[in-house]
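Let me begin by presenting the structure, written as structure tokens, before commenting on it.
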Amino acid sequence: MSIQSDIEMLSIQIMESYAARNNLSPREVNEKFHKHQVFEKIILQHEYLHQISFEEVMEFIDKELLEESKELILFHGTIADFDKILLCKSHNRRDFGTGFYTTILEQQAKEWAYRLSLREKTSQYYVYRFVFQENDALKIKRFDALNKEWLEFIKENRSQGGLQHSYDVVVGPVADDNTMETVQLYIAGILTADEAVERLKYSKANNQVSFHTERSLQYIKLVGRAVYE
């Protein structure tokens with residue numbers, strides 16, 4: 001079983017338990033978990049959560065739901081030295097459209113930056129640290145799994161380029177080295193959506209949080225930067 005599938009199964013188990021215990025519908029639980037960024041925290045604490053009992057897992061979830069803060073720590077790996085985010089600098093034909101891409105996983109950002117430095121033959125690379133203050137004024141789209149909707153969303157943005165949606169922020173899995181072959185076969189029409197999703201069950205998917213509008217940049221603040229050689 002892949003890490004992605006393992007995380008999805010744990011998330012479903014937690015949601016079902018929380019819904020039954022609190023007499024809530026799946027939709028109500030899903031909205032509550034998104035509001036408090038519980039799914040992102042499950043990804044971050046995945047290894048720890050598998051070392052404790054399920055009762056302790058639910059105690060962890062209850063504690064996170066009591067937190068009023070909507071702050072999320074994000075990382076951006078690059079070879080560029082900058083102090084201001086410029087959406088116009090984005091590459092075209094990205095997973096979620098042109099925008100500024102970050103991740104909740106620091107090591108992932110570092111690996112991206114390192115690989116970019118090798119490709120561009122630069123001596124230094126950077127990992128920027130941001131705080132994202134989620135706000136109800138933002139239109140946010142979340143993908144919780146490698147599913148048909150995620151595939152079609154990526155197909156539209158990668159095939160047509162630019163920005164093929166009206167969201168301020170998009171959160172979801174990355175179409176990286178572990179998943180890109182399957183995604184490309186789907187885009188080319190060689191695989192059906194069902195066939196692609198079945199293949200993706202066995203892929204390890206990383207995380208990305210992308211910002212697509214000037215309005216969204218009002219809620220992300222640079223708090224630090226690490227330099228590597």
Side-chain angles (χ1 to χ4, degrees), residues 4 34-35 37 39-40 43-44 70-117 119-120 125-180 183-184 186-187 205-226:
Q4 177 70 18
H34 276 314
K35 180 180 179 180
Q37 300 166 336
F39 295 113
E40 288 86 351
I43 293 173
L44 287 170
K70 291 187 177 182
E71 288 187 352
L72 190 65
I73 302 298
L74 299 173
F75 302 92
H76 174 78
T78 182
I79 59 173
D81 183 358
F82 67 89
D83 54 17
K84 182 180 180 181
I85 300 171
L86 298 175
L87 293 176
C88 61
K89 295 290 185 180
S90 172
H91 293 297
N92 198 14
R93 302 184 187 279
R94 303 291 301 274
D95 286 358
F96 298 157
T98 54
F100 182 70
Y101 283 71
T102 66
T103 175
I104 62 175
L105 305 172
E106 183 175 11
Q107 186 59 36
Q108 176 184 307
K110 185 177 179 181
E111 289 176 1
W112 282 350
Y114 173 67
R115 290 167 61 183
L116 184 58
S117 72
R119 186 167 71 240
E120 300 297 327
Y125 58 97
Y126 309 91
V127 174
Y128 291 78
R129 182 185 180 97
F130 294 89
V131 171
F132 171 43
Q133 183 70 43
E134 189 170 329
N135 191 285
D136 292 338
L138 295 175
K139 188 176 181 182
I140 300 176
K141 175 63 178 177
R142 285 183 167 89
F143 294 99
D144 298 324
L146 301 168
N147 53 29
K148 292 182 184 179
E149 184 187 13
W150 176 81
L151 272 172
E152 187 60 29
F153 194 79
I154 288 178
K155 178 181 178 180
E156 288 297 305
N157 287 295
R158 282 187 169 269
S159 298
Q160 300 189 45
L163 195 62
Q164 300 302 315
H165 61 81
S166 60
Y167 298 110
D168 297 300
V169 181
V170 182
V171 183
V174 182
D176 58 9
D177 291 346
N178 297 304
T179 57
M180 183 48 71
V183 171
Q184 288 177 334
Y186 168 68
I187 292 175
N206 287 315
N207 160 272
Q208 60 188 0
V209 181
S210 54
F211 297 81
H212 302 280
T213 62
E214 291 297 332
R215 177 171 57 181
S216 70
L217 299 184
Q218 298 174 26
Y219 300 95
I220 181 171
K221 178 182 178 182
L222 176 63
V223 293
R225 185 187 73 168

message = Closer than 4.0 angstrom, basic N to acidic O: yes or no for Lys221 and Glu71?
response =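 Between Glu71 and Lys221 there is no salt bridge, as every charged N stays at least 4.0 Å from the carboxylate O atoms.
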Does [Y] have [X] sitting over its ring (NZ/CZ under 6.0 Å from centre, angle to axis within 45°)?
| X | Y | answer |
| --- | --- | --- |
| Lys155 | Tyr186 | yes |
| Arg94 | Tyr101 | yes |
| Lys84 | Phe82 | no |

Decide yes or no for [X] and [Y]: does some side-chain heavy atom of the first lie under 4.5 Å from some side-chain heavy atom of the second?
| X | Y | answer |
| --- | --- | --- |
| Phe75 | Leu105 | no |
| Tyr219 | Asp168 | no |
| Gln37 | Glu134 | yes |
| Leu72 | Val131 | no |
| Gln107 | Glu111 | yes |
| Glu40 | Val209 | no |
| Val174 | Asp95 | yes |

ask   = How are the rings of Tyr128 and His76 set relative to one another: parallel (under 30°), tilted (30 to 60°) or perpendicular (over 60°)?
value =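 Taking His76 first and then Tyr128, their aromatic rings sit tilted (interplane angle of 30° to 60°).
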query = Roughly how far apart are Trp112 CH2 and Gln108 CD, rounded to 0.5 Å?
reply =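 Going from the CH2 atom of Trp112 to the CD atom of Gln108 covers 4.0 Å.
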inquiry  = Give me the atom names and distance for the closest heavy-atom approach of Glu156 to Gln164.
reply    =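 Shortest heavy-atom contact: O-CG, 3.4 Å.
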task = Please name all residues satisfying side-chain contact (heavy atoms from CB on, under 4.5 Å) with Lys89, sequence neighbours left out, ordered by chain then number.
result =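 Result, side-chain contact (heavy atoms from CB on, under 4.5 Å) vs Lys89: Leu86.
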Under 3.5 Å: donor-acceptor pair, side chain of [X], backbone of [Y]:
| X | Y | answer |
| --- | --- | --- |
| His212 | Ser166 | no |
| Ser216 | Leu138 | no |
| Asn92 | Gly162 | yes |

request  = Determine whether the aromatic ring centres of Phe132 and Phe211 lie less than 6.0 Å apart.
outcome  =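 Close enough - the centres of the two rings lie under 6.0 Å apart.
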